[in-house]
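Throughout, protein chains are lettered first and strands after them, A, B, ... in sequence-line order, and every chain is numbered starting at 1. All values derive from a computational prediction rather than experimental measurement.
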There are 2 protein chains.
Amino acid sequence: MNAEKKEIVYRKSKQKTRILEILRSTKSHPTADWIYEKLKPEMPALSLGTVYRNLNILLEQGEILRLDFGHTFDRFDGDTSRHYHFMCEKCGEVSDLELPPLNILDKKVFNLCGHKIKYHKIVFYGICKNCLQNS
Amino acid sequence: MNAEKKEIVYRKSKQKTRILEILRSTKSHPTADWIYEKLKPEMPALSLGTVYRNLNILLEQGEILRLDFGHTFDRFDGDTSRHYHFMCEKCGEVSDLELPPLNILDKKVFNLCGHKIKYHKIVFYGICKNCLQNS
DNA sequence: GTAATTGCAAATAATTTGCTGGGTG
DNA sequence: CACCCAGCAAATTATTTGCAATTAC
């Protein structure tokens, strides 16, 4: 395991360029499908697979962000009290944090932009204590 | 639209009870499949569909939490600078927030539990300014 | 007895991947 | 001319749903 990644030299393509342009020009945090529909008129031959492939390349290059939990499956929590989570990027473990709830943030955001905030979620990412020791 | 929800009176079942017990007894934030595998030995006839159905019922009853982005598809962001997000529960829009990054939190969490924190994400949920006005 | 719940299997839905041919460096 | 990239379709994966039988209240 931990095989060294083959260094891929990415090339330009009209599709990749347009996808990035579209993402840069909107504040709407689109889905892959939305980008596909947006691009289809000017590139009738475009396929959804190409959009996904390019999004992953752009992600890897750090040109864009993906807004999700990282893992593809939902996780459930039997503890419904307000608390935050940490996910270890190495072992994938999700753990609860003792950090007290920061209710002030909700008010701050309301004052800033006028949205009515019901609650918020915070997830910290990094390497857990265990993985730090075993490496 | 906006049809009034038929009020369902949930009944007890061994499956639902055990699923909740398992969730309450672990801190590992399991996936649906993990719960299914855990329960299978004592309930050989159990099906994965039942696990999913009960998790959704428990969610609706507020007995458990789901850790994810709510929507099932990824959204992408062309802005890679550190910023937080807001999602409107009514119209589904995701927008950027002007709230400055709270780097102190990463140190706080490290001091608290010893995990090495690389970064964190915050998502606020509620009703956006627009939806507030149009209702 | 009414209607929620189950197991099973088939259906969805988002995303990934194999293949073949075309285009970039 | 090597090898990355596109388009297409088929495969994967997590989750949902239809159905008939079962069970809770």
Treating B:H83 as the side-chain partner and B:D96 as the backbone partner, does any N or O pair qualify as donor plus acceptor under 3.5 Å? no
If you look at every strand shown and take non-hydrogen atoms under 4.0 Å, does A:T50 touch a base, only sugar-phosphate, or nothing? base
Do any side-chain atoms of residues 98-106 of chain A form donor-acceptor pairs under 3.5 angstrom with protein atoms, and if so which ones, sequence neighbours left out?
{"unit_1": "A:D106", "atom_1": "OD1", "unit_2": "A:H120", "atom_2": "ND1", "d": "2.7"}

In whole angstroms, how far is the C1' atom of C:dT6 from the OH atom of B:Y36? 13 Å
Between the main-chain N or O of A:R53 and the side-chain N or O of A:K16, is there a donor-acceptor pair closer than 3.5 Å? no
Roughly, in whole Å, what's the span from NZ in B:K14 to C1' in C:dA4? 17 Å
What integer distance in Å separates B:K40:NZ from C:dG7:P? 9 Å
So, is A:N56 near the phosphate of C:dT15, with a side-chain N or O under 4.0 Å from OP1 or OP2? no
Atom CG of B:L48 and atom P of C:dT6 are separated, to the nearest Å, by 13 Å
Send over the distance from B:R53 CZ to C:dT6 C1', rounded to a whole Å. 7 Å
Between B:Y10 and A:G49, just flag the one whose closest nucleotide in DNA chain D comes earlier from the 5' side. A:G49
Calculate the interatomic distance between A:W34 atom CH2 and C:dA14 atom C1'; express it in whole Å. 18 Å
Have a look at B:Y36 and tell me which of B:I19, B:T31, B:V51 forms a side-chain contact (heavy atoms from CB on, under 4.5 Å) with it. B:V51
Provide, to the nearest angstrom, the distance between the CZ atom belonging to B:R18 and the P atom belonging to C:dT5. 19 Å
Answer with base, sugar-phosphate or nothing: what part of the nucleic acid does A:D33 contact at a heavy-atom distance below 4.0 Å? nothing
Whole angstroms only, please: what is the CD1-P distance between B:I57 and C:dT6? 7 Å
From the list C:dT24, D:dA24, D:dT15, which nucleotide is the closest neighbour of the side chain of A:R11? C:dT24
Position toward the 5' end of DNA chain D (nearest nucleotide), A:M43 or B:Y52: A:M43
